[in-house]
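To start, the structure itself, in structure tokens.
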Amino acid sequence: MSERYNPLALEPIWQKSWADKGVFAASNSSDKPKYYALEMFPYPSGNIHVGHARNYVVGDVLARFKRSQGFNVLHPLGWDAFGMPAENAAIKHKVHPKEWTKQNIEQMKSDLKLFGLSIDWSREFATCEPSYYKHQQSFFIDMFKAGLVYSKEAHVNWDPVDQTVLANEQVVDGKGWRSGAAVERRTMKQWFFNITRYADDLLNDLDKLTDWPERVRTMQANWIGRSEGLKFTFKVNNWADGLTVYTTRPDTIMGVTFCSVAPEHPLAAETAKNDPQALSFIKECQGLGTSEEAIEKADKKGYKTPFTATHPITGIEIPIYIGNFVLMGYGTGAVMAVPAHDERDYAFAKKYDLPINVVIKGDNMPDDNAYIGAGVLVDSGEFTGLDSKTAKTKVIEWFEANKTGEKTVNYRLRDWGISRQRYWGTPIPFINCTSCGTVPVPKEELPVELPIDVEIIAGGGNPLDLHPTWKNVDCPVCGKAALRETDTMDTFVDSSWYFARYTCVDSEKPLDKAAVDHWLPVDQYIGGIEHAVLHLLYARFITKALKEIGYVSVYEPFKALLTQGMVLSPCYRTTGGEYINPLDVIHGDDGKSRYKVTNEELEVLANEKMSKSKNNGVPPRPLVERYGCDTLRLYTMFCAPIERTLEWSEAGVDGAWRYLGRVWSLVHEAGFTVNAEDIIPMAGLSDKKHKELKRKIHKTARKVSSDIEKFQFNTMVAACMELANALGEHKDSTDQTTQTLYREGVVMLLQLLNPVAPHITEQLWQDIGQKTWLVETLWPEFDMAATEDDEITMVVQINGKLREKLIVSAGLSKEDAEQQALQAIEPHLTGMTVRKCIVIPDRLVNIVAN
RNA sequence: GUCUGCGUAGCCCAACAGGUAGAGGCAAAGGACUUAAAAUCCUUCCAGUGUGGGUUCGACUCCCACCGCAGACACCA
């Protein structure tokens, strides 16, 4: 190898060598302990930027580290390849989604391969392949048979841009999570996963996920939104069904002065039948997007219905309103209103001049608002005098005794609607027959394959439905003409079990039990916080469902979760408003930034998440072609703690490059070969300098090992930098012992740095004459004896202020330390009385005196 | 509005379990090498930890209040 560090020459060679030897292939039958490292499923969007890369580099560092620790590591990668963008591209560029997806996968794969990732590519698949979705259809039918899948007419969130239904989780601020269009409310037939059946499991099992970030668990718990309360039914005049409400505050029952129902509630519809004004009020509520509501959130509006409800305890007649703030999707879509103890009801009562009856007395009662805290009941008949907590129980008991209500557990979580009226997704394997109803496709006929000859027209509706022949089929039960289901599955279904399929990509069945049981759960899952609810909740649910129908044995898919921070980059804009990519910007000495092409001065905007719209995504390829991927990997790991955002800086990349250059010269300027037995134990060293160097080596090994385990990659790299700096001082030493230690240090450094910078360390490993490959070499043990100091700097403080530093031998007794400190510090103590001495062994002595 | 995380040198970041505020990097300045530049190497500079209290012998670290930034949730009855 040449004298100069030339990553461009050596990186491809090693990548090919590793691939040819198959060193990253995971074995399903190995005596070694297993370790499953996985980064979140990538959507193949084509070109990647360094922000995407952070995710895969972290995973790769862990995978390589664990491999070197002797684990049988599974580290696969594949493609979440169904979804809307392919159809949008079909409309825009007249290219078939299949073709577009294939090209994107190729592009992205080649970009990712630049990073030298230790991926087992033999397990690669894309979800758009029939050989994948066939199995999904298969267990979908199993889930149907187990009652975990059903279809029904339902209120749905309709995205008018993507022309499809969205799940509740996929509506953000009243807008589609991908299109950003305000969703509309529609009623249509929908396929659902019965996720609420597992609501309690999904909630309770969060406690067992101790290696997940606390905030992700909190977000999921909030999303599931379990609450306990009372459900009961008001008698309503001229309405036989009565009005069923749910409340978490049964203790406020005697303060109810009216009721509110959602605009979609049947009682509202009944009101609107003969009342055009009511109808227009309901229309107004539905037209209002949630986001607009957020702006006018203070504006509670209502419409008084002709119905009245009878208070179940007092018998008093109270009015029923249609309220724009009542949600049909939560509870029963109707609420008992207690203005004195609920802020919304209070605002509403003020506006419509309704009575406000205080029934709870607490501390700090507000003058002009509801008191929502707990307290003691007043004016509450037989419940007067009870505290809120007792009253809740007593009131529920009252209703249960009178058979008019019951204690109820309610969830915010709704069943997961998975029907999508789109082409590029997994076909739902069912057939609608006029005489037999909805019947599953026989398993031997799977997969129900997508037709290739479809027309995809902007806003043109469901391409599968519009296909001339695809949906025509004979009913598998009665043989008469029937129609295929033309909805496809939400692509979140595809990504809810892919991690299990990686364990057995060739299996004829959806999953091979032995393989899945061997590998699951994923030991370390790595991805962005943006999936805290959506993907992670769905995947947890599908895992529980797969367990129920016998495909897996685990109840949770991901043992540990690491959420890495976003990568930010400055945005540059021309006066014309065009965004310029950071790679095309030249930074002048005058501190100004100019566009490389036109030399135009650019406006520099704040750091933002790398995105297409801001054109601030830094593509890795030009950087890899300049620095090599090890430099990029090193920088990415070093620049910031992994959970925090990383501000991309090309100057920082330069620093990483320089460091690797120094590591290179540690080997090539010293010019040596290694003798493995050439290690002097600590006990064999007497010279202070030698001991220090030995100590540095083993302290670094200790720190790097523990830092990786704790995901502190930035400090781990810093420790390697320190070691390299320390070794650098001895590069030209002629002292025999120093040279031996130097060699030990270099060997250690290469091993420690290997997970982060695998190519350069592998090459240098060869260059120093090792017979093995570093990628197949076990992680180094550190010598505990060599990490212990024999001398330490003891600090002497007076009243907490630093006065003196003493070099003393380690392990001094408290008495000796105190004595030495007092002696050394005597001049400072003239005229003072020593009150107390605090001794922290091997650290400091603090003398309290006055 | 609620919850979470973060505020340390010009910048990115360290600091074990409360015990010397500085490990590492970037930038800057000076120097070496060079015909020169780049690259490389050496040296140097810089803060008292967002603000105000409290606990303690001792607080970046723990507690309380506030300010700022980021993210999540936001009429869930």
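Letters A, B, ... are given to chains in the order of the sequence lines, protein chains preceding strands, and every chain is numbered from 1.
- Base engagement by A:Asn846 is indicated by at least one non-hydrogen atom pair under 4.0 Å involving a base atom.
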Counting only pairs under 3.5 Å, give me each side-chain donor-acceptor contact of residues 722-731 of chain A, with atom names and distances, residues two or more places apart or in other chains.
unit_1, atom_1, unit_2, atom_2, d
A:Glu722, OE1, A:Lys696, NZ, 2.6
A:Asn725, ND2, A:Met721, O, 3.4
A:Lys731, NZ, A:Glu669, OE1, 3.2

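- Distance from the side chain of A:Arg215 is smallest for B:G71 among the nucleotides B:G71, B:G19, B:A77.
- Annotation: A:Tyr321 is in aromatic contact with A:Tyr352 [ring centroid separation under 6.0 Å].
- Side-chain atoms of A:Asp345 come within 3.5 Å of backbone atoms of A:Val338 as a donor-acceptor pair (strictly under, hydrogens ignored).
- Side-chain atoms of A:Tyr346 and A:Asp368 form no donor-acceptor pair, as typed in the model, at a separation below 3.5 Å.
- In this structure B:G48 sits in the syn conformation; its chi angle is within 90° of 0.
- Checked against a 6.0 Å centroid threshold, the rings of A:Tyr5 and A:Trp657 count as neighbours.
- Distances shown here put every side-chain N or O of A:Arg217 at or beyond 4.0 Å from the OP1 or OP2 atom of B:A72.
- One finds a salt bridge joining A:Glu284 and A:Lys301 here, because a Lys/Arg side-chain nitrogen approaches an Asp/Glu carboxylate oxygen to under 4.0 Å.
- Counting only N and O atoms by type, the side chains of A:Thr257 and A:Asn357 include no donor and acceptor under 3.5 Å apart.
- Among the atoms of the strands shown, base atoms are found under 4.0 Å from some heavy atom of A:Gln797.
- Protein atom CG of A:Asp654 is 10 Å distant from nucleotide atom C1' of B:C26, rounded to whole Å.
- Contacts between residues 633-641 of chain A and RNA chain B, defined by a heavy-atom separation under 4.0 Å, are made by A:Phe638, A:Cys639, A:Pro641.
- Close to B:A27, at under 4.0 Å from its OP1 or OP2, lies a side-chain N or O of A:Arg658.
- Ring geometry, A:Phe258 versus A:Phe348: the interplanar angle falls under 30°, so the pair is classed parallel (tilted spans 30 to 60°).
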Using a cutoff of under 3.5 Å, can you pull out all pairs of nitrogen or oxygen atoms linking the protein to nucleotides 60-63 of chain B, with atom names and distances?
none

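- Checking the phosphate oxygens (OP1, OP2) of B:G25, no side-chain nitrogen or oxygen of A:Asn714 falls inside 4.0 Å.
- Side-chain atoms of A:Arg344 and base atoms of B:A77 include a donor and an acceptor less than 3.5 Å apart.
- In the model, A:Glu643 has a side-chain atom that pairs as donor or acceptor with a side-chain atom of A:Thr563 under 3.5 Å.
- Within the structure, a side-chain polar atom (N or O) of A:Lys836 is placed less than 4.0 Å from OP1 or OP2 of B:C57.
- At B:G58, none of the side-chain N or O atoms of A:Arg843 fall inside 4.0 Å of OP1 or OP2 (strictly under the cut-off).
- Using a 4.0 Å cut-off, some side-chain N or O of A:Asn725 falls inside it from OP1 or OP2 of B:G25.
- As rounded to whole Å, 14 Å separates atom C1' of B:A74 from atom CD1 of A:Ile372.
- Among the nucleotides B:G7, B:A23, B:A27, the one closest to any side-chain atom of A:Arg644 is B:G7.
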